[in-house]
Protein chains: 2
Amino acid sequence: MAGIDEVARAAGVSISTVSYALSGKRPVSAETRRRIQAAVHELGYSPNAGARMLAGSQTHIFALSEPLRADSHAPSHMAFMHAMTVAARRKEYDMLLLTDEDASAGMKRVAASGLVDAILVLDVAPDDPRVAIARASATPTLFVGIPNDHDDLVCVDLDFERAAVEAVDRLADAGHREIGLIGGSRRAYEKSNFPPRVRAAVVARAAERGGHARAVASGEVVTDRAHVRESVREFIAAGVTGIVLHAPEEVLQVVLVELAALGKSMPGDVSIVSVGSSFDTDTQPTPVDSIPLVPQSSCELAVDLAIELIAGRPVASGLHLIPPTYLERGSVAAAPSA
Amino acid sequence: MAGIDEVARAAGVSISTVSYALSGKRPVSAETRRRIQAAVHELGYSPNAGARMLAGSQTHIFALSEPLRADSHAPSHMAFMHAMTVAARRKEYDMLLLTDEDASAGMKRVAASGLVDAILVLDVAPDDPRVAIARASATPTLFVGIPNDHDDLVCVDLDFERAAVEAVDRLADAGHREIGLIGGSRRAYEKSNFPPRVRAAVVARAAERGGHARAVASGEVVTDRAHVRESVREFIAAGVTGIVLHAPEEVLQVVLVELAALGKSMPGDVSIVSVGSSFDTDTQPTPVDSIPLVPQSSCELAVDLAIELIAGRPVASGLHLIPPTYLERGSVAAAPSA
DNA sequence: TTGAAAGCGCTACCAC
DNA sequence: GTGGTAGCGCTTTCAA
């Protein structure tokens with residue numbers, strides 16, 4: 001709890017020199033800096049957060065808005081929160097958690113009190129009420145996910161449409177013509193903008209590649225196993241040989257089990273590609289080709305953009321899409337010549 | 001971004017009166033308070049966080065230390081983080097997330113910079129390194145969970161031993177003599193102090209009640225289904241009619257499935273009580289009697305104690321155990337007369 | 001390359 | 001019941 005004045009005295013310099021030596025905002029002679037750093041270390045000095053905020057008008061804190069819905073997928077959320085917090089710490093930022101039932105109230109509060117330098121918004125819905133708050137607020141706000149009306153917002157996300165195209169292309173390249181898409185729960189289709197876009201992209205690309213795609217959601221809830229199993233049976237009956245999966249890990253397991261039950265091998269009879277999976281398709285019991293949704297990528301980009309905004313540097317508003325990466329895991333093979 | 005001076009001017013009073021009206025630390029006439037509140041509302045005033053910290057030496061921020069281990073149970077963690085953040089907000093506190101790889105570094109940092117008023121420690125291990133930091137720090141620190149050496153710390157947790165005794169008593173009261181305990185993963189037994197204590201309590205109480213208990217962990221990992229199923233078969237073979245479960249939801253499902261596979265009904269043939277479950281045993285497909293671990297209870301108590309410590313009021317160090325609550329759901333019946 | 005000093009926007013003491 | 005004002009510990013001009 002030593003103050004900057006004590007450091008200055010110990011180093012035999014003025015307070016301002018200590019401040020500049022630490023912030024690097026003014027050149028300081030090597031010798032002076034050395035003495036100051038020694039004093040800082042000696043006294044265990046750490047600048048007072050409140051004073052820094054007040055004088056510098058920078059808090060070095062981000063707010064993380066994460067409205068925990070009941071039907072949220074906890075592991076994915078944890079992964080994003082963690083990745084975001086780690087990305088922030090790398091840039092010397094701390095993370096304040098905003099989980100108000102009313103997320104908007106929290107955002108207003110931290111913005112109005114100058115508690116945070118920027119707000120990072122996770123789990124964005126198409127008609128997210130936080131969009132309005134962001135527009136009305138002077139505090140830089142960054143969306144990880146894409147609301148419907150986003151032209152003047154800064155949004156980060158995986159380029160799901162390119163990912164969908166890439167997935168279809170891989171299957172088509174291997175000779176698959178009849179393609180099936182298993183999406184997330186029906187609620188996921190309402191909660192986010194991307195499931196419908198992935199579906200549209202898969203269908204369109206399959207047609208472009210001279211094939212045909214049929215798409216289904218994975219049921220009312222993520223764990224609607226019966227619905228998933230039925231979809232798989234219908235796919236097989238219809239001659240589908242390539243499956244694109246855009247759903248959580250649990251659904252993949254059900255698909256694999258049902259294929260096995262039908263006596264179908266992977267990738268001998270059926271090829272599978274997982275798109276936008278936030279789980280590790282590598283450590284799965286059965287590895288599957290995937291175009292993963294990597295929390296670190298989105299979060300690091302979001303943090304970088306937030307820092308640009310805070311510094312007053314120009315940032316293009318609109319979508320900042322992360323190019324998909326295809327991971328081969330051996331679940332795609334040539335279509336059976338049937 | 002209006003300041004306190006603008007509020008004072010708008011209300012026609014001095015800034016000190018505004019400050020006192022808002023903090024309540026000095027009586028203010030009803031009429032004056034009314035005018036001030038109107039002005040606050042009008043201007044959308046929210047006191048500047050940095051200024052408040054600096055002048056008042058209270059930050060109104062808690063730190064939440066949550067080292068996300070790879071094997072952590074995401075839903076439970078989310079539940080605790082959420083409950084803690086909600087409990088804090090109820091007391092006008094914000095929550096800062098500490099997820100540094102080195103948890104101790106984060107705690108030191110926020111304590112040294114005066115960023116937070118108190119630190120709340122979750123997911124406490126028996127030999128938790130954060131204990132040493134807490135001892136060396138002047139910042140009030142509260143543990144949710146019990147480290148080995150805790151005499152001079154303030155710790156909050158469910159009274160697992162009483163819960164274990166209560167569970168056995170319920171089974172014994174219903175005539176069950178042979179009792180089986182299915183614990184969490186083997187790692188859980190190393191990571192926390194309570195699994196072994198629950199085990200000891202169950203075994204001891206079963207003996208006191210003239211019965212006998214056998215205990216097993218649920219395998220290397222939480223999802224070791226094969227191990228759980230085998231344990232259930234062994235229990236049945238050994239004449240167990242009452243099962244105490246101290247494990248996550250997934251394990252309960254496996255137990256129920258295996259009992260059904262063995263042709264055993266619940267509660268006709270086998271009675272079950274879940275202890276320390278953080279999931280909702282009520283909305284399960286099959287409801288089960290339980291003595292739940294309610295995150296809200298622990299978190300609200302932790303926040304209340306933290307506020308006492310911040311205010312400089314005396315708080316007993318050592319354990320603050322939450323009395324268990326038994327929820328009847330019809331999974332316990334009279335032991336078969338066999 | 002360095003120092004002196006003016007605030008940042010509050011809280012809380014002292015006075016009335 | 002209310003007002004004036006001295007700091008809180010920094011950052012950042014302005015001067016040297």
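FYI, side chains are in, hydrogens and waters are out, and symmetry mates aren't considered; it's all heavy atoms of this structure. Each chain gets a letter, A, B and so on, in the order its sequence line appears, and its residues count up from 1. All values derive from a computational prediction rather than experimental measurement.
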* Pairwise 5' ranking along DNA chain C for A:V13 and B:V18, keeping only the more 5' one -> A:V13

So, is [X] close to the [N] phosphate, meaning a side-chain N or O under 4.0 Å from OP1 or OP2?
X: A:T32; N: C:dT2; result: yes
X: B:T17; N: D:dT2; result: no
X: B:S23; N: C:dT11; result: no
X: B:K25; N: C:dA12; result: yes
X: B:S14; N: D:dT2; result: no

Could you check which of [options] has an atom nearest any side-chain atom of [X]?
X: A:V28; options: C:dC13, C:dA5, C:dT2; answer: C:dT2
X: B:I4; options: D:dG3, C:dT11, C:dA12; answer: C:dT11
X: A:S19; options: D:dG1, C:dT2, D:dT12; answer: D:dT12

To the nearest Å, give me how far apart [atom1] ([X]) and [atom2] ([N]) are.
X: A:R35; N: C:dT1; atom1: CZ; atom2: P; answer: 14 Å
X: A:L22; N: D:dC10; atom1: CG; atom2: P; answer: 10 Å
X: B:D5; N: D:dG4; atom1: CG; atom2: P; answer: 13 Å
X: B:L115; N: D:dG9; atom1: CG; atom2: P; answer: 15 Å
X: B:I15; N: D:dG3; atom1: CD1; atom2: P; answer: 11 Å
X: B:Y20; N: C:dA15; atom1: OH; atom2: C1'; answer: 12 Å

* Asked: Take atom CD in A:Q58; do more than 12 heavy atoms of anything else shown fall under 6.0 Å from it?
  -> yes

* For the side chain of B:R26 and the base of D:dG3, is some donor closer than 3.5 Å to an acceptor across the two? -> yes

* Structure fact -> Note: B:I15 and B:I4 closest approach over all heavy atoms is O-CD1, 3.7 Å

* Taking every non-hydrogen atom, the tightest pair across A:T139 and A:A111 -> OG1-CB, 3.3 Å

* **Selection: residues 38-59 of chain A, any non-hydrogen atom under 4.0 Å of DNA chain C** => A:L54, A:A55

* Asked: How far does OG1 of A:T99 sit from CZ of B:R89, to the nearest 0.5 angstrom?
  -> 9.5 Å

* Donor on one side chain, acceptor on other, B:N148 and B:N193, under 3.5 Å -> yes

* Mind checking A:S29 for me? I need base, sugar-phosphate or nothing, with any heavy atom below 4.0 Å counting as a touch. => sugar-phosphate

* ring pair (Phe, Tyr, Trp, His ring centres under 6.0 Å) with A:H82: which residues, sequence neighbours excluded? -> none

* Contacts of type ring pair (Phe, Tyr, Trp, His ring centres under 6.0 Å), residue A:F194, not counting sequence neighbours -> A:F160

